[in-house]
Amino acid sequence: MTRRPLAPGTAARLAPAALAVLLVQGCMSMAPQYSRPALPVATAYAADTAAPAAATPAAQVAWRDYFSDPTLQGLIGEALAHNRDLRVALLRVDEARARYGIQRADQFPTIGVQAEGTRARTPGDLNITGRPQVASQYQAGVGMATWELDFWGRVHSLKDAALENYLASDAAARAATLSLIAQVADSYLSLRELDERLALTRETIASREESLRIFRRRYEVGSISKLDLTQVETLWQQARALGADLEQARATQAHALELLVGKPLDLPLPQAGLDDDAVMRDLPAGLPSDLLANRPDIVAAEHQLRAANANIGAARAAFFPRITLTGAFGTASAELDGLFGSASRAWNFTPSLDLPIFDAGRRSANLDLAEVRRDQAVASYEQSIQSAFKDVSDALSARRWLAEQVQVLRATVAAQAERARLAKLRYDHGASPYLEVLDAQRDLLAAQQTLVQTRRALLSARVGLYAALGGGTQAPAAPSIPPGTAS
């Protein structure tokens, strides 16, 4: 095979042209100018109170600093290490990073080394000599695969979209982490609520069982009627039914917490009730605009909006010609020992231009699709902000009014306890029937159970506020961006 070598000085003349081509790459983008949509929410939270000027934003408070209960800290740490849903979310980040690396590589030429040797025999009736021939051909060289000159920024826009999708997946993983922390905390509080309610119920069962023993003895000696004995037994049976229901609810809640943590747990009934003030610290709400930087789900939605914006640029660039280059430089010879001789140089260079003339509206439809998806991303972004604003407002409202309910219920429990004591005294002195004692003790148990439930709801509201404000998302180091994102 005969190949014409490069003329002297040709490589030197082509070098500036090649450099100019490289400089042109990525210099133009046909994506629309990005502008962040305005906040579709009010400028303040309705239920918020003025926060101290030096208060630390929730996003800068790490979960270990916010949740001070040692058992809860251990559960959250185990969940972050073993929860399968979080593991899938983190693997999606790795997947998006790999996709970005693939898309970014399209900006640069693929250069490889190739060597091949061919030896073939041709029968005599297939060549002009009439005699069989054996021919050899050997080649070695460096080649460049098909490389698109990105004059219109199509490849660059696709790379930008892949980068934004990667960053969106990273923010989504941080949102999943925060959600898991809040779910574990809320599940733990629910379990402790059931523990405390169960402890109260067990004390009530034991107390009423003792009362039943005494009243049964009184009935046997004829000092009380069968009706009084039946009423005492009714109280005891009601407490036992409540205890069985709470035992089943606790088992279910423990199973749910095990699923969140991702491993079996051994959480026996604690000896003391939950200290509300020692579980977590309190937080100010800050400003609605802080949500833009602090809520990872909003950050993810904005990255998705940027990705949709970049895809519009790629769709617009598809209307312009695509210019690709393919080439190789090396040696070729019919003899292996002559492969690297001075006269064996070989090269090829193949530029290609592609511009569809008729595609039945495919490119126009692709552009319309990209613009519609951008509009959907805008709506999703605005909805994320509105949902975040609602989450914070709901948590603030719950924190305020549940705190007031707890105070009222504490007073109610004290009043019901006094009522039960006085009703018992009246019955012992024969001033009232036992039905009055029955009602007082039943109401006391119900008030105690409601107080425990409301205290847990108040703590859950504080957990919800921490999550709604993007708690801890700015405490660790910022996620690293892959090298070469500026190219």
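Side chains are part of it too, since the values below use all heavy atoms of this structure and drop only hydrogens, waters and symmetry mates.
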Looking only at atom types and distance, does a side-chain atom of Asp150 sit under 3.5 Å from a main-chain N or O of Val155, one as donor and one as acceptor? yes

May I ask you to decide if Phe389's main-chain N or O and Ser393's side chain share a donor-acceptor pair within less than 3.5 Å? yes

May I ask you to check whether [X] and [Y] show a side-chain donor-acceptor distance below 3.5 Å?
{"X": "Glu164", "Y": "Tyr100", "result": "no"}
{"X": "Thr201", "Y": "Gln449", "result": "yes"}
{"X": "Thr146", "Y": "Thr326", "result": "yes"}

Mind checking whether [X] and [Y] have side chains closer than 4.5 Å, heavy atoms only?
{"X": "Gln73", "Y": "Ile76", "value": "no"}
{"X": "Leu325", "Y": "Met144", "value": "yes"}
{"X": "Thr71", "Y": "Tyr188", "value": "yes"}
{"X": "Arg99", "Y": "Tyr166", "value": "no"}
{"X": "Ser190", "Y": "Leu257", "value": "no"}
{"X": "Pro40", "Y": "Ile385", "value": "yes"}

Once you round to the nearest 0.5 Å, how far does [atom1] of [X] lie from [atom2] of [Y]?
{"X": "Asp354", "Y": "Glu148", "atom1": "CG", "atom2": "CD", "result": "9.5 Å"}
{"X": "Met30", "Y": "Leu367", "atom1": "CE", "atom2": "CG", "result": "9.5 Å"}
{"X": "Gln103", "Y": "Lys159", "atom1": "CD", "atom2": "NZ", "result": "10.0 Å"}
{"X": "Leu445", "Y": "Glu203", "atom1": "CG", "atom2": "CD", "result": "11.0 Å"}
{"X": "Arg87", "Y": "His82", "atom1": "CZ", "atom2": "NE2", "result": "8.0 Å"}

Check this for me: does any side-chain nitrogen of one of [X] and [Y] sit under 4.0 Å from a carboxylate oxygen of the other?
{"X": "Asp276", "Y": "Arg455", "answer": "yes"}
{"X": "Arg174", "Y": "Asp170", "answer": "yes"}
{"X": "Glu196", "Y": "Arg456", "answer": "no"}

If a pair satisfies salt bridge (charged side-chain N to carboxylate O under 4.0 Å, His left out) and one of its residues is in [range], list it, with sequence neighbours excluded.
{"range": "residues 241-262", "result": "Asp195-Arg250, Arg202-Glu247"}
{"range": "residues 56-78", "result": "Glu78-Lys263"}
{"range": "residues 386-395", "result": "Arg295-Asp391, Lys390-Asp394"}
{"range": "residues 367-379", "result": "none"}

Residue pairs passing the side-chain hydrogen bond (donor to acceptor under 3.5 Å, both in side chains) test with at least one member in residues 176-187, sequence neighbours excluded, are Ser179-Gln183, Asp186-Ser460, Ser187-Gln253

Hey, can you pull the donor-acceptor pairs under 3.5 Å for the side chains in residues 464-471, sequence neighbours left out?
{"residue": "Tyr466", "atom": "OH", "partner": "Val61", "partner atom": "O", "Å": "2.7"}
{"residue": "Tyr466", "atom": "OH", "partner": "Trp63", "partner atom": "N", "Å": "3.2"}
{"residue": "Tyr466", "atom": "OH", "partner": "Gly472", "partner atom": "N", "Å": "3.4"}

